[in-house]
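Below is one structure, written out as structure tokens, with a few remarks after it.
Ligands are counted one by one from 1 in listed order, and the atoms in each one are counted from 1 as well.
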Amino acid sequence: MATGTSNVLELTPQEAHRSADLGIELARKYASPEDPRLLFDLPFLAAMLPERTRKFLRAFALEEEHGHCVLRGHRIDTGRIGPTPEHWRARARPAAEFPEEILLLLYGAVIGEPFGWSTQQDGRLVHDVFPIRKHEHEQLGTGSSELLTWHTEDAFHPYRGDYLLLSALRNPDDVATTIGELDLDALAPEHVEVLFRKRFHIAPDESHLPKNNSAGDHEESARRFATIERLINDREPVAVLYGSRSGPYMRLDPYFMETPEDDPQARAALEAVTGVLDRSLGEVALRQGDVLCVNNHLAVHGRVPFRARYDGTDRWLKRVNVTSDLRKSREMRALAGSRLIG
Ligand SMILES: NC(=[NH2+])NCCC[C@H](N)C(=O)O
Ligand SMILES: O=C(O)CCC(=O)C(=O)O
Ligand SMILES: [Fe+2]
């Protein structure tokens with residue numbers, strides 16, 4: 001991808017067919033998205049993706065010219081995937097949409113390593129994002145009636161993903177995902193200076209709380225959530241901007257952020273960067289068959305409010321977190337080969 005290249009790749013009908021067939025073929029050979037054989041084989045299997053797809057994703061990851069990109073035109077077999085479920089819990093697995101989940105994992109393997117959280121959706125590697133009735137008013141991907149305020153995915157966590165993949169299985173009302181990227185020139189230098197310092201607190205969002213996961217083994221789940229609780233209680237202040245001074249990375253989720261009472265500069269800087277991102281915020285309404293890839297350092301994202309249907313025709317996305325480096329989270333993974341943090 002040379003400089004100035006578009007961040008949208010429209011699959012040709014042939015590419016779309018090949019990708020869909022690959023997903024279906026692989027879904028027969030593996031047991032689930034967490035099948036250790038599948039995870040081992042991912043990079044070899046990803047080599048079977050259309051060449052343009054692989055090159056587009058790899059350029060997106062390596063060149064960092066864009067904060068997000070979209071691969072458009074995947075074939076979704078609406079009949080096969082069936083109605084949008086009411087909840088991710090207690091569904092038969094592998095699910096009917098296992099081929100689409102595999103495709104998303106393959107994309108993850110082109111740009112890094114897919115991983116999950118033991119504290120999110122019961123440790124699944126591919127998350128469901130559809131409206132859940134009980135979450136209607138919550139600040140969760142599974143909410144609906146409230147604006148999902150923009151955020152860095154899992155901003156509170158030192159081992160948050162480098163990329164976020166979202167695949168639209170359906171989106172009949174064109175409900176938009178919001179995306180914001182930083183215009184550094186719009187920030188005063190003194191604010192930039194403060195934002196590069198560790199003077200900000202970010203609390204875990206609710207998606208990691210026990211109430212939003214199944215009650216499993218008591219001791220085991222207590223241990224896992226204790227880690228999250230530690231992150232709430234012994235909060236280490238963090239920097240909002242990091243990396244290059246001329247093109248910084250960002251880490252923020254203002255809804256869950258605080259600045260120390262005795263640090264008005266930090267508060268002013270956070271307000272300034274929040275305002276700059278608010279003004280930059282754009283909308284991307286994923287169409288059925290779109291896959292969105294967000295660079296979790298360069299872009300923040302959220303979702304506009306919408307009215308859920310709860311009749312099996314609701315908006316339905318699949319979500320995968322991707323890291324460039326599994327090793328950095330080793331202290332929080334049970335085994336070297338485990339892809340679950342927490
Ligand atoms: N500002 C926010 N609402 N942050 C939380 C984002 C939602 C969270 N990532 C989820 O999985 O549901
Ligand atoms: O629904 C969307 O478009 C985005 C959801 C999201 O940000 C999330 O689940 O973390
Ligand atoms: Fe998100």
Does the side chain of Glu153 come within less than 4.5 Å of Arg319's, by heavy atoms?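 The answer is yes, as the side chains (C-beta and beyond) meet within the 4.5 Å cut-off.
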For residues [X] and [Y], is any side-chain donor paired with an opposing acceptor at under 3.5 Å?
{"X": "His66", "Y": "Asn295", "value": "no"}
{"X": "Arg160", "Y": "Thr152", "value": "no"}
{"X": "His74", "Y": "Glu100", "value": "no"}
{"X": "Asp183", "Y": "Ser280", "value": "no"}
{"X": "Gln120", "Y": "Ser207", "value": "yes"}

On the 0 to 90° scale, with breaks at 30° and 60°, tag the [X]-[Y] ring pair as parallel, tilted or perpendicular.
{"X": "Tyr249", "Y": "Tyr242", "value": "tilted"}
{"X": "Trp117", "Y": "Phe115", "value": "perpendicular"}
{"X": "Phe156", "Y": "His208", "value": "perpendicular"}

Please name the atom of Glu153, limited to N, O or S, that comes nearest to the Fe ion (ligand 3).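 Per the distance ranking, Glu153 contributes OE1 as its closest N/O/S atom to the Fe ion (ligand 3).
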Quick check on contacts: which atoms of ligand 1 are under 4.0 angstrom from a heavy atom of [X]?
{"X": "Leu148", "answer": "3 (N)"}
{"X": "Asp253", "answer": "1 (N), 2 (C), 4 (N), 5 (C)"}
{"X": "Leu140", "answer": "12 (O)"}
{"X": "Arg319", "answer": "9 (N), 10 (C), 11 (O)"}

To check your reading of the site, what angle at the Fe ion (ligand 3) do NE2 of His301 and NE2 of His151 form, to 10°?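 Computed angle, vertex at the Fe ion (ligand 3), rounded to 10 degrees: 90°.
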Please list, in number order, the atoms of ligand 2 under 4.0 Å from a heavy atom of [X].
{"X": "Arg319", "answer": "8 (C), 9 (O), 10 (O)"}
{"X": "Gly141", "answer": "9 (O)"}
{"X": "His301", "answer": "6 (C), 7 (O), 10 (O)"}
{"X": "Thr177", "answer": "2 (C), 3 (O)"}
{"X": "Glu153", "answer": "10 (O)"}

So which protein heavy atom does [atom] come closest to, and at what separation?
{"atom": "atom 6 (C) of ligand 2", "result": "Leu148 CD2, 3.5 Å"}
{"atom": "atom 10 (C) of ligand 1", "result": "Ser207 CB, 3.4 Å"}
{"atom": "atom 1 (O) of ligand 2", "result": "Arg315 NH1, 2.8 Å"}
{"atom": "atom 4 (C) of ligand 2", "result": "Gly302 O, 3.9 Å"}

Is the closest N or O pair between Arg303 and ligand 2 shorter than 3.5 Å?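 No, no N or O pair falls under 3.5 Å.
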[X] contact mode with ligand 1 (heavy-atom cut-off under 4.0 Å):
{"X": "Gln120", "result": "side chain"}
{"X": "Glu153", "result": "side chain"}
{"X": "Thr142", "result": "neither"}
{"X": "Asp205", "result": "side chain"}

Crowding at NZ, Lys134 (>12 non-hydrogen neighbours, <6.0 Å):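 No.
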Check this for me - ligand 1, Gln139, N or O atoms closer than 3.5 angstrom, yes or no?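 For ligand 1, there is an N or O atom that lies under 3.5 Å from one belonging to Gln139.
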Going by distance only, is there an N or O of Gly141 that falls short of 3.5 Å from an N or O of ligand 1?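 Yes, there is a polar N/O contact under 3.5 Å.
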Honestly, is Arg245 close enough over Phe196, meaning NZ or CZ under 6.0 Å from the six-membered ring centre and within 45° of the axis?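 Yes; both conditions hold, so Arg245 lies above the ring face of Phe196.
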How many angstroms lie between NE2 in His87 and OG1 in Thr142, if you round to the nearest 0.5 Å?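 Going from the NE2 atom of His87 to the OG1 atom of Thr142 covers 7.0 Å.
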I need the contact type for Leu317 against ligand 2. Using non-hydrogen atoms and a strict under-4.0 Å cut-off, is it side chain, backbone, both or neither?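 Under 4.0 Å from ligand 2, Leu317 contributes side-chain atoms alone.
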What do you reckon, does His151 put a non-hydrogen atom under 4.0 Å from ligand 2?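 True for this residue.
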With clusters built from Ile, Leu, Val, Met, Phe, Trp and Tyr whose side-chain heavy atoms come within less than 4.5 Å, directly or transitively, what are the remaining members of the cluster of Phe306, listed by chain and number?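 Besides Phe306, the hydrophobic cluster comprises Val175, Val304, listed by chain and residue number.
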Under a 3.5 Å distance rule, please check whether Ser244 uses its side chain to pair with a backbone N or O of Gly247 as donor and acceptor.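 Present.
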